[in-house]
**Student:** 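What follows is a single structure, and I will ask about it in a moment.
All values below come from the heavy atoms of this structure, side chains included, with hydrogens, waters and symmetry mates left out. FYI, the numbering just counts along the sequence from 1. Here the structure is a predicted model, which means the values were calculated and not measured. Both counts, for ligands and for their atoms, begin at 1 and track the order of listing.
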Amino acid sequence: MHDYFPEELALWKRIENILKEVLMSYCYLEIRLPLLEKTELFKRAIGNITDIVEKEMYSFQDRKGHSLTLRPEGTVGCIRAIIQNCLLKKKKHHRFWYLGPMFRYERPQMGRYRQFYQLGAEVFGIDTKDIDLEIILLTNRFWQRLGIHSHLTLEINSIGSQTARVQYKTELVSFLKKHESLLDEDCKRRLYTNPLRILDSKNQEIQKILKDGPLLKNYIDFSENVDFKNLCNMISFHGIKYRYNPKLVRGLDYYNNTVFEWKSSQIGAQNTICAGGRYDNLFQEMGSQKTSGIGFAIGMERLVLLMKSLNIFSDVIKEVDIYVIFLSEENKNYAVKLSEEIRNIYPKLKVFINFFNQNIKKKIKNAVISSARLAILIGDNNMKQNHVLVKDLKKRTEHCFEKDELMIKINDVFYRRT
Ligand code: ATP
Ligand code: MG
């Protein structure tokens, strides 16, 4: 679990702002949900024999002995909130987004952490593929706005209905059992727990074996295959390249039909930056009326890794605009008062008062190495004449100003285009 410091967060904020702008342009509304939910909820929704529920959840008992879990993902809590607050009946909002930490007890490595941030979005109640397409367009727009679209590839698949997958699973298991001695430990275990996950194994030997195996596509009903093909055509029609990956399955049980991932080859082995899909049975499984749903989540740390590796947004962000220096303790009150007045008139400027016990030379040196454009020096001599000394650190000039003149100077420097 990581600590995040200002320099890093400056980059995060810029990325987040762009993502939020795009979400707003598709009429998504923000929701904020608890970090804790009942353990039972995740078990029921994500599936008892998935990696997450089997070995990745942080669960504990509260004082009354109820088992609670730090959320490993956002969809389940989001649906719980929608059902509990009767939002479906109100039929007002269908598109939501959230940003926050998720927790999974995994083996930490690059791009995989025990606390990580996801920006997720969920849409409810639209059962046609129109919304699948819109979500692909929206996520594609994220990457365009961030300037990374040429570094991400879309992989897409349809995993059909649960019934289709049950049939397929039986076939897949009986096929793989014939090759059981060649399977690695992970796949051997999955053969009896979650055989579909074997399909996306990174082990090349396993992929070789699978080449002759049964295909999920052949178990999916005709109309879904047609709808999926149409979706793929529409994605192309909008100029988005995709790779049909028949082996793409998701780690959570609740998905059906469309699933997709945006991947990058620039961030190491954990290469999926954004993943999502449809979950048309989840509402029912969680005790509500049948309602279709679709969503995705971006792993923010992985997105930031990619932005850093491409050196995007690497320009220095200004931490200070105006650097205020007072020469002696007697001038301190005025320094604070003047700074407050500047903030009243120019609320967006960053005004820094140097409160450190440093000599004047040192303070000026610090002002020069800061990102400030102006330094204001307040000393007895100037004060007597109601003046402050203002250094323009870029132009390397200095002038004495009265307060009103100072405010005009600030306006000229920061807001007037030359
Ligand atoms: P993976 O195959 O990478 O484990 P997943 O199928 O477990 O992914 P999801 O549950 O779909 O992932 O989560 C969506 C996204 O959240 C992932 O694509 C990834 O970007 C990010 N993510 C998931 N787990 C982690 C983690 N432990 N650390 C950092 N990011 C993560
Ligand atoms: Mg995982």
**Student:** In terms of ring plane angle, is the pair Tyr58 and Tyr105 parallel, tilted or perpendicular, where the classes change at 30° and 60°?
**Tutor:**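 Taking Tyr105 first and then Tyr58, their aromatic rings stand perpendicular (interplane angle over 60°).
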**Student:** Between Met57 and Pro72, what is the shortest heavy-atom contact and its length?
**Tutor:**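 So the minimum-distance heavy-atom pair works out to SD-CG, 4.1 Å.
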**Student:** Yes or no on side chain to side chain donor-acceptor pair (under 3.5 Å) for Asn203 and Ser201, after CA distance, side-chain angles and deciding distance?
**Tutor:** CA-CA 5 Å; Asn203 184 334; Ser201 163; 5.2 Å; no
**Student:** Are Glu224 and Arg278 ion-paired here, with the side-chain N under 4.0 Å from a carboxylate O?
**Tutor:** no
**Student:** With rounding to the nearest 0.5 angstrom, report the CD1 to CD1 distance, Ile342 to Ile376.
**Tutor:**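 Here the interatomic distance stands at 4.0 Å.
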**Student:** Between ligand 1 and the protein, which N/O pairs fall short of 3.5 Å?
**Tutor:**
from, atom 1, to, atom 2, distance (Å)
ligand 1, 3 (O), Arg302, NH1, 3.1
ligand 1, 3 (O), Arg302, NH2, 3.1
ligand 1, 4 (O), Arg112, NH1, 2.7
ligand 1, 4 (O), Arg112, NH2, 3.3
ligand 1, 6 (O), Arg250, NH2, 2.8
ligand 1, 7 (O), Arg104, NH1, 2.9
ligand 1, 10 (O), Arg104, NH1, 3.1
ligand 1, 10 (O), Arg104, NH2, 2.7
ligand 1, 11 (O), Arg250, NH1, 3.1
ligand 1, 11 (O), Arg250, NH2, 2.9
ligand 1, 13 (O), Gln118, NE2, 3.0
ligand 1, 16 (O), Gln118, NE2, 3.0
ligand 1, 18 (O), Thr272, O, 3.3
ligand 1, 20 (O), Thr272, O, 2.8
ligand 1, 20 (O), Ile273, O, 3.4
ligand 1, 20 (O), Gly299, N, 3.4
ligand 1, 27 (N), Glu106, OE2, 2.6
ligand 1, 27 (N), Tyr113, N, 3.4
ligand 1, 27 (N), Tyr113, O, 2.9
ligand 1, 28 (N), Tyr113, N, 2.9

**Student:** Of Arg302, Arg250, Lys247, which meets salt bridge (Lys or Arg N to Asp or Glu O under 4.0 Å) against Glu261?
**Tutor:**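 Answer to the salt bridge (Lys or Arg N to Asp or Glu O under 4.0 Å) test with Glu261 among Arg302, Arg250, Lys247: Arg250.
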